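Remember, it's a predicted structure, so these values are computed and weren't measured experimentally.
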Amino acid sequence: MDHLNDNIQYMKGVGEKRAAAFQKLGVRTVRDLLSNFPRAYEDRRTFYTISEAPIDTPVCVRAMVSGTPSAVRARRGLTFLKLKAVDETGVLDITYFNQNWLKNTLAPGVTYIFYGRVGENGRRRTMTNPAFEREDDQGVVTGRILPIYRLTAGINQKLIMQCVRTALDNTQEIPDILPPAVRGKYELAQARFSYENIHFPRDDISLDQARTRLVFEELYVLAGALELMRSRRKESDGIVIPDTSMDGFWEKLPFSPTNAQRRAVEEAIEDMRSGKPMNRLLQGDVGSGKTLVAAALIWRTVQSGYQAAFMAPTEILAEQHFQNLTDMLEPYGIRVVKLTGSMTAAQKRKTVENLTLGQADVAMGTHALISANVSFRDLALVITDEQHRFGVDQRSALTGKGTHPHVLVMSATPIPRTLALIIYGDLDISVLDELPPGRTPVETFAVGEEMRVRIWNFVRRLVGEGRQVFIVCPMVEENEALPENVKSAQEYAEELQRDIFPDLRVLCIHGRMKAKEKDAVMTAFAAGEADILVSTTVIEVGVDIPNAALMIVENADRFGLSQLHQLRGRVGRGKHKSYCILFSDSRTESARSRLGVMTKTNDGFLISQEDLRLRGPGDFFGSRQHGLPDMHVADLSADMRVLKQAQQEAQKVLAADPELKNPENWPLRDRIRELFELHADTFN
């Protein structure tokens, strides 16, 4: 039983080097290995004769090798092995690239099962690099549903399958964290059956039963963990901010707040006077006025004799918020100070002194706010912008500078409300679902390469009118081969400057630059020192450049809709008519319909709903943006119904046994504890 927590290094065929490679897949223990579920499956149960095999579809063909394979050296570094296989209906020409060792493995006169895509060369049938096994060994790589796992350098499919098989064979019993009553109610399979059939499905029905059970289990543990966090938070005492009228704040504003802004402020104030610490997510589309809500809560906090801190992910964003907050709050006599890494030691010292002595009311800053030497006289409200940019440990380092201060996290990533309620199960949620008056929608067009010359002329026209332009290229991972049509930001910027716009000023910003370099480029662009900024999605979140009136997105089909919506939100922030051009040469129906959504609506919530429907949450949230532990098997959009059921059952268990002391609930308690330990940056 305890061996589930054993390090896989000591498993047969693994060892120290492969164990280190497995860790890159998040696999350290036997339990991790069994929870490393296949990402896909190949159905290798259907057999065809050579002549009947469908073209360009992966299939199994049973055929006999008819002669000795011949090895050919084509050029340095490339060799190929050619052989013929036959059955009663025809001949199959098989080629293996750089696998000459197979010459001694594939024996003439022996019948094999070959699995691969069948092609045609004139009237002959072909296969390239097929998987194979002898007919009398059938069932290892053919004649079955084969699991396909995520890989990393040093780890192949065969090794993972062997290790998982060994782990299952050596595990007599897998503790079942679902109470028998819950299993019975939802007709869920037992743990042992489910782990066996998620990896090595007996048939389609068994795979479906295994997946259903494991989805429920995963969401049950997650819901239990979030519920525990929520109950712990409610136990601690918070600073009571007295309930007085907000009229004094609203009356001095030079504009009227939207109903959504007023509602969000009221919801937060209700929390702040409750005697429990507020932990609220303020979710609003780009330009929906989240900063005004933050300013209103700061005003209420300072009126009550306390201080507030506001943390932003970058210096340039902190500077922008500092200007906005100063403009909004100084008329009320509120003293706003700034604290960022690039300030001089003397400036930082002075700011910290003012905060410690209570001579400053609000600190606006970056990570510099969580430095050990920063202290507040009486911190009662902590606000963080772009919630997913900060780990919980960074937020808690800031909240630790007060005694259970109220917390507001702001996010411009609209998430369908039902999903948000579950994902941010430890947060209460306010949604800004209307835009302030005066913001004109950005006109959006999805175009192909044939429009390139017209778009470049349009860029010249806008720059001639004094406007600025963003051009965004998809982020390219280090290990990703660059398809011909995908432009790398740095190379593209150089090409544009040299060949297309030699007379304009082109800057570039990308993910591999240091934070200071990025800030310097953004500051220069914001100051009007360049006409065009070529970028990867590092500009997705952030700075206001009211003069930018055109956003061009290259290879737009490689982005999610929510990401495209965030990018579009970088323009249309000033008084100028603004545009978004989405370039894509993808001919697929799904790509066309996705980009079509962008041209029809500017509503981020509608877009996020569509994005979730089309792509599922893994892609929707991008890299860990949601702050949740990665789901191994559950899909937070497709499994919504199961998610609600799992949440209800977890709530019932915790209502009856808040500390999970009942022996029946020990497996759940252990898994939740494991989740907290593994994801210390997610759960505080």
field: Under 3.5 Å: donor-acceptor pair, side chain of Arg335, backbone of Gly358
entry: yes
task: Could you tell me whether the side chain of Arg568 and the main chain of Thr444 form a donor-acceptor pair under 3.5 Å?
output: no
message: Can you confirm if the NZ or CZ of Lys338 lies within 45° of the ring axis of Phe322 and under 6.0 Å from the centre of its six-membered ring?
response: yes
- prompt: Side-chain contact, heavy-atom cut-off 4.5 Å: Leu292 with Phe255?
  reply: yes
- request: For salt bridge (charged side-chain N to carboxylate O under 4.0 Å, His left out), just list the numbers for Glu649 and Lys185, CA-CA rounded to whole Å, side-chain angles, deciding distance to a tenth of an Å, and then say yes or no.
  value: CA-CA 10 Å; Glu649 296 305 328; Lys185 181 176 176 181; 2.9 Å; yes
Ion pair check, Glu517 and Lys514, cut-off under 4.0 Å: no
- prompt: Is it true that a side-chain atom of Tyr220 and a backbone atom of Ala650 form a donor plus acceptor pair closer than 3.5 Å?
  reply: no
- prompt: Under 3.5 Å, is there a donor-acceptor pair between the Ser430 and Arg263 side chains?
  reply: no
task: Taking Ser304 for its side chain and Arg300 for its backbone only, find out whether a donor-acceptor pair lies under 3.5 Å.
output: yes
field: Min side-chain heavy-atom separation Ile545-Arg570 under 4.5 Å
entry: no
field: Interatomic distance, Arg349 atom CZ to Asn354 atom CG [nearest 0.5 angstrom]
entry: 12.5 Å
- request: May I ask you to decide whether Arg262 forms a salt bridge with Glu266, counting only side-chain N to carboxylate O separations under 4.0 Å?
  value: no
query: Between Arg377 and Leu357, which heavy-atom pair has the shortest distance, and what is it?
result: CD-O, 4.2 Å
- prompt: So, are Arg671 and Glu217 salt-bridged, with charged N and O less than 4.0 Å apart?
  reply: yes
- prompt: What is the minimum heavy-atom distance between Phe376 and Ala363, and which atoms define it?
  reply: CE2-CB, 3.9 Å
- prompt: What is the minimum heavy-atom distance between Leu660 and Trp666, and which atoms define it?
  reply: O-CD1, 3.6 Å
- prompt: Run the side chain to side chain contact (heavy atoms under 4.5 Å, CB included) check on Val293 and Thr291 step by step: do they pass?
  reply: CA-CA 5 Å; Val293 174; Thr291 312; over 6 Å; no
- request: Taking the side chain as every heavy atom from C-beta outward, state whether Thr384 and Met410 have any atom pair closer than 4.5 Å.
  value: no
Among Val571, Val442, Leu564, side chain to side chain contact (heavy atoms under 4.5 Å, CB included) partner for Met551: Val571
field: Close side-chain approach of Met311 and Asp385, heavy atoms under 4.5 Å
entry: no
- prompt: Taking atom CZ of Arg273 and atom OG1 of Thr244, what is their separation to the nearest 0.5 Å?
  reply: 10.5 Å
- line: Rounded to the nearest 0.5 Å, the CD1 atom of Ile607 sits from the NE2 atom of His565 at a distance of 5.0 Å
field: Closest contact, heavy atoms only, Leu432 versus Ala260
entry: CD2-O, 3.4 Å
message: I'd like to know if the side chain of Gln307 and the backbone of Leu355 have a donor-acceptor N/O pair within less than 3.5 Å.
response: yes
- request: Please confirm whether the backbone N or O of Gly289 pairs with a side-chain atom of Gln261, one donor and one acceptor, at under 3.5 Å?
  value: yes
Nearest non-hydrogen partners of Leu381 and Pro405, listed with the distance: N-CB, 4.1 Å
task: Side-chain contact test, heavy atoms from C-beta onward, threshold under 4.5 Å: evaluate it for Val337 versus Val362 and give yes or no.
output: no
query: Considering only heavy atoms from C-beta outward, does the side chain of Trp299 approach that of Met246 to under 4.5 Å?
result: yes
query: Is Arg280 paired with Asp271 through a side-chain N to carboxylate O contact shorter than 4.0 Å?
result: yes
Distance in Å, Thr340 OG1 paired with Lys348 NZ, rounded so as to fall on 0.5 Å steps: 7.5 Å
message: Using a 3.5 Å distance criterion without hydrogens, assess whether the side chain of Ser578 forms a donor-acceptor pair with backbone atoms of Gly572.
response: yes
message: I'd like to know if the side chain of Arg673 reaches the main chain of Leu668, judged simply by a donor and an acceptor atom lying under 3.5 Å from each other, with no hydrogens or angles considered.
response: no
query: Who pairs with Phe525 by ring-ring contact (aromatic ring centres under 6.0 Å, His included), at least two apart in sequence or on another chain?
result: Phe470
- prompt: Can you list the residues that meet the side chain to side chain donor-acceptor pair (under 3.5 Å) rule with Thr356, with sequence neighbours excluded?
  reply: Ser375
statement: Rounding to 0.5 Å, atoms CG (Leu533) and CE (Met522) come to a distance of 6.0 Å
query: Any ion pair linking Lys516 and Glu315 (charged N to carboxylate O, less than 4.0 Å)?
result: no
Residue pair Ile370 / Val374, side-chain heavy-atom distance below 4.5 Å: no
- request: Report the C-alpha separation of Leu281 and Ser411 in whole Å, then their side-chain angles, then the decisive distance to 0.1 Å, and conclude whether the side chain to side chain contact (heavy atoms under 4.5 Å, CB included) test is met.
  value: CA-CA 7 Å; Leu281 171 71; Ser411 175; 4.1 Å; yes
message: Go through it in stages, so that I can follow the logic: the residues are Ile239 and Met272, the test is side chain to side chain contact (heavy atoms under 4.5 Å, CB included), and I'd like the CA-CA distance, side-chain angles, deciding distance and then a yes or no.
response: CA-CA 7 Å; Ile239 297 161; Met272 291 164 74; over 6 Å; no
message: Looking at Asn662, is its backbone amide N or carbonyl O close enough to the side chain of Asp657 to form a donor-acceptor pair, meaning the two atoms are under 3.5 Å apart?
response: yes
query: Less than 4.5 Å apart, any side-chain heavy atom of Val382 and any of Leu379?
result: yes
query: Between Asp176 and Arg183, is there a salt bridge with N-O shorter than 4.0 Å?
result: yes
query: Minimum heavy-atom separation for Thr326 to Pro331, with atom names?
result: O-CD, 4.1 Å
message: Assess the residue pair Thr344 and Gln347 against the criterion (side chain to side chain donor-acceptor pair (under 3.5 Å)); give the C-alpha distance rounded to whole Å, side-chain angles, the decisive distance to 0.1 Å, and a yes or no.
response: CA-CA 5 Å; Thr344 66; Gln347 289 170 326; 3.3 Å; yes
field: CZ on Phe216 to CG on Leu188, rounded to 0.5 Å
entry: 6.0 Å
- prompt: If only atom types and distance count, is the side chain of Ser371 paired as donor or acceptor with the main-chain N or O of Asn373 below 3.5 Å?
  reply: no
query: Between Leu339 and Met364, does a side chain to side chain contact (heavy atoms under 4.5 Å, CB included) hold up when you go through it step by step?
result: CA-CA 6 Å; Leu339 190 62; Met364 178 68 237; over 6 Å; no
